[in-house]
Structures are given as C-alpha cells and as structure tokens.
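Structure first, then comments.
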Amino acid sequence: MTQQPRSTTRTPTSTSTSTSTSTEDTDAPPSSSSSSSSSSSAPSYPPLAEPRPMAEHRVWPRTFHDRLTAPLPGLKGFARFAREGAVRPGPEGLADIPRLPYAPGPLPRVDARTVAVTWAGHASWVVRIGGLTVLTDPVWSRRILGTPARVTPVGVPWSALPHVDAVVISHNHYDHLDAPTLRRLPRDTPVFAPAGLGRWFHRRRFTRVTELDWWEAAKLAGVRFDFVPAHHWSKRTLTDTCRTLWGGWVLTDSDGRRVYFAGDTGYGHWFARIGRRYPGIDLALLPIGAYDPRWWLSDVHCDPEEAVRAAQDVGARRMAPMHWGTFVLSAEPVLEPLTRVRAAWQRAGLPREHLWDLPVGGSRVLE
C-alpha cells in the first residue's frame with residue numbers, strides 16, 4: 001500500500017483577505033446516502049466560508065505538492081510500468097465498444113427551480129441549476145493528446161447547447177481541460193478554476209476567471225460554487241507538475257439543492273469531510289473508470305466499488321457515474337466499470353432508482 005502523507009491546506013496570498021478555512025475536520029460519522037434525514041439546511045461543519053469576489057486577482061504558491069495525498073510514482077514505478085506496459089485493454093476488453101450505452105436525446109426543459117444533468121461523456125456534464133447552464137470539464141473534441149480517439153461520440157451536439165452561463169474545471173489534465181472546446185466559448189463566459197490555473201485562461205483572453213482554493217466559494221446569479229479537495233494531482237507539460245491545484249465542485253442553488261462534481265479522484269478521507277461540510281448532497285457525479293492496473297492508478301482514480309463508497313461517504317442521495325465509456329485510458333475492459341458499479345450499488349443495499357447510470361447523451365431531472 002502506498003503511504004499517504006497528511007494533506008495540508010495553505011492559505012494563498014491575495015489582494016483581499018482570504019476567508020477560507022484550513023481547519024482539519026474531526027472524524028465525525030458521515031451521512032449515509034440512503035438516509036432521508038440529510039438536508040442541505042443541516043449545519044455545515046466547519047461553517048462554510050463566505051463567497052469570494054468573482055474574478056479577483058490572486059497570488060498563489062509556486063507549487064501545490066503539499067496537497068498530494070500519496071506520493072507520485074518514482075523511478076521504480078515507471079520501470080515497472082514500462083516493463084508491464086498494460087495501459088489498454090486487450091482485444092477481448094475492446095470487443096464491447098459497440099455495446100457502450102449511447103442514447104442522445106433533447107435536453108430536458110427546465111426553469112429556475114429545476115436541477116437537471118445531461119452526460120456528454122467522460123467528465124463533461126451539462127448541469128442545469130438555479131436557472132444556470134453549467135458545463136463541467138467540457139471536452140467536445142474527438143481526440144485528446146496522447147490518447148486514442150473517443151469510442152463514443154459526444155452525447156450533446158455543441159449546437160444543441162443553450163447559452164452557457166458558467167464552466168467549472170477540476171484540474172489541468174488534457175482529458176479535463178480541452179483548449180479546442182473552450183475556444184468555442186465567448187471569452188466573457190464565467191470560468192471557475194482551481195488555484196493557479198487562471199493564467200492559462202487569461203492567456204486565452206478569458207476575462208471572468210475565478211480561481212479558488214479548497215473550501216473556498218464564489219456566487220453567480222444565486223448559485224454557490226464551492227471548490228473542494230480531491231485525491232489527484234496536476235500536470236500539463238514536462239515542467240509544471242502540481243503547479244496548479246486540483247479538486248471537485250459543489251453547486252448549491254438558492255433552494256439548497258446540491259450537486260457534487262468530483263472531477264478526477266482516487267478514494268480517500270476527503271469524501272467524508274466534504275459530506276460534513278456540505279450535508280444533503282442530492283446528486284454526486286463520481287468517476288468509476290480508468291482504474292486498472294490498481295498498483296499504478298489506485299491513488300488517483302476510484303474503481304467502481306470505491307465510487308459507491310465515496311457516494312455514501314459524502315452522504316449523496318443519488319449517484320451518477322462518469323469517467324468511463326468515452327476515452328480508453330487504462331486496461332480494464334470497456335464495459336466493466338458499468339457492471340461493477342451496478343453490482344457494488346446492489347451489494348450496498350442502496351435503492352436502484354438512485355443510481356443514475358446514464359448512457360452517453362442521457363439526462364435526468366432532480367424531482
């Protein structure tokens with residue numbers, strides 16, 4: 001087992017006083033995803049930070065290596081990886097590509113009180129909340145750097161999107177931060193990004209970029225955007241390892257309904273702490289793919305069973321799997337994440353209707 005050093009939170013230097021808290025949470029029991037008593041009106045612990053100003057100028061540390069919850073692979077790990085070389089499924093594992101669920105349909109009709117999600121594929125969602133249309137980690141490209149072309153088409157044609165009110169980015173890996181897709185957006189689109197990533201957007205002339213540290217928040221048109229920790233890392237070039245932060249997002253509307261977008265993450269202690277700070281999460285969008293081989297990927301990618309545990313840890317009423325069935329990033333058979341997450345959900349005794357295992361292009365509305 002990889003040793004996991006204690007994670008710490010540093011407060012950045014800023015042009016305004018930071019209101020985020022770095023208090024270590026106590027290990028109080030998390031809410032259960034099957035509990036009907038959870039509510040976003042329940043007290044958060046610790047109390048949530050006041051929202052920060054949108055698009056404020058901030059100065060960040062040069063590195064976020066101290067946020068890693070496991071060491072990055074060393075020379076021995078890379079040597080084993082080169083020796084074993086199992087980064088893609090064999091022919092048997094790829095044979096089910098034609099069976100991957102793909103069922104695009106029209107986006108649901110919504111109003112300001114509707115919460116709805118549509119899976120465009122991988123970690124890209126069209127989230128409708130509080131009257132806003134929010135894209136998560138939008139990747140509409142057919143191919144990303146270093147990876148074979150997507151095996152299922154994008155679930156939502158770009159031309160079918162309503163006006164995009166905001167974009168949230170979890171981290172800077174190419175399958176989550178796609179420059180060709182983002183170039184399609186107006187440069188005044190509000191972007192919510194991890195600490196340190198604003199420079200990337202400013203170089204591309206985006207003008208409304210809000211960078212946040214873990215446990216910080218900002219508000220747009222009555223919807224609160226909270227940036228929360230994840231068990232992952234960041235890297236986009238040979239020289240920028242962990243120079244920008246990584247994490248997930250909790251979106252809360254004015255009625256208290258909450259959607260948690262986990263981004264890219266391994267399994268670990270952050271989930272229970274997120275659940276305590278944000279009680280009453282109505283829907284968790286959680287990654288279930290790109291997990292094999294486990295010795296290489298377990299620290300940064302959940303497997304399906306861990307994703308179900310994460311949903312329970314955060315106290316989510318419902319879970320929608322993602323990060324599978326789009327790009328072939330690792331060695332598990334392409335349909336295995338779906339079959340395993342369904343089995344894990346059933347073993348956990350959770351209501352079947354609360355597992356939103358959508359096809360690419362599928363939508364659900366939060367009742």
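Residue numbers start at 1 and run along the sequence shown. Just so you know, these numbers come straight off a predicted model, no measurement behind them.
A donor-acceptor contact shorter than 3.5 Å links the side chain of H354 to the backbone of R317. Side chain of W356 to main chain of L283: no donor-acceptor pair is present (N/O by atom type, distance under 3.5 Å, no hydrogens or angles).
Figure legend: cation-pi geometry between R184 and W158, with NZ or CZ positioned under 6.0 Å from the six-membered ring centre and within 45° of its axis. Judged by the 6.0 Å and 45° rule, R236 forms a cation-pi pair with Y174.
Taken from CD1 in I97 to OH in Y102, the straight-line distance is 15.0 Å, to the nearest 0.5 Å. Rounded to the nearest 0.5 angstrom, D137 CG and S170 OG are separated by 3.5 Å. One distance of note links CZ of R187 with CZ of F206; it measures 4.5 Å at 0.5 Å rounding.
Contact check on D226 versus R224 returns a salt bridge, with a Lys/Arg side-chain nitrogen under 4.0 Å from an Asp/Glu carboxylate oxygen. In summary, R257 and D282 do not engage in a salt bridge, as defined by a charged side-chain N under 4.0 Å from a carboxylate O. A salt bridge is absent between E353 and R364: the closest approach of a Lys/Arg side-chain nitrogen to an acidic carboxylate oxygen does not fall below 4.0 angstrom. Comment: D213 does not engage R52 in a salt bridge, judged by the lack of any side-chain N to carboxylate O separation of less than 4.0 angstrom.
Taking the ring centroids of F227 and W249, they lie under the 6.0 Å cut-off. If you look at H122 and F327, their ring centroids are closer than 6.0 Å. Taking the six-membered ring wherever Trp is involved, the centroid distance between the rings of H173 and W233 falls below 6.0 Å.
Counted within 6.0 Å of CZ on R205, heavy atoms from surrounding residues, nucleotides or ligands total 12 or fewer; the atom is thus considered open.
In terms of heavy-atom proximity, L100 sits nearest to V334 at CD2-O, 3.7 Å. Here the shortest heavy-atom pairing between A348 and V308 reads CB-CG1, 4.2 Å. A284 approaches A316 most closely through the heavy-atom pair CB-CB, 3.7 Å. Scanning both residues, E211 and R58, for their nearest heavy atoms gives O-NH1, 3.3 Å. Closest non-hydrogen pair, P229 versus W270, comes out as CB-CD2, 3.4 Å.
Of the N and O atoms on the side chains of T326 and R150, not one donor lies less than 3.5 Å from an acceptor on the other residue.
At least one side-chain heavy atom of R277 sits less than 4.5 Å from a side-chain heavy atom of W215.
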_Applying side-chain hydrogen bond (donor to acceptor under 3.5 Å, both in side chains) to H301 and D264, what does each step give before you reach the verdict?_
CA-CA 7 Å; H301 287 165; D264 223 352; 3.3 Å; yes

Let me have the donor-acceptor pairs involving side chains of residues 194-203, under 3.5 Å, with sequence neighbours excluded, atom names and distances please.
residue: H202; atom: ND1; partner: G198; partner atom: O; Å: 3.2

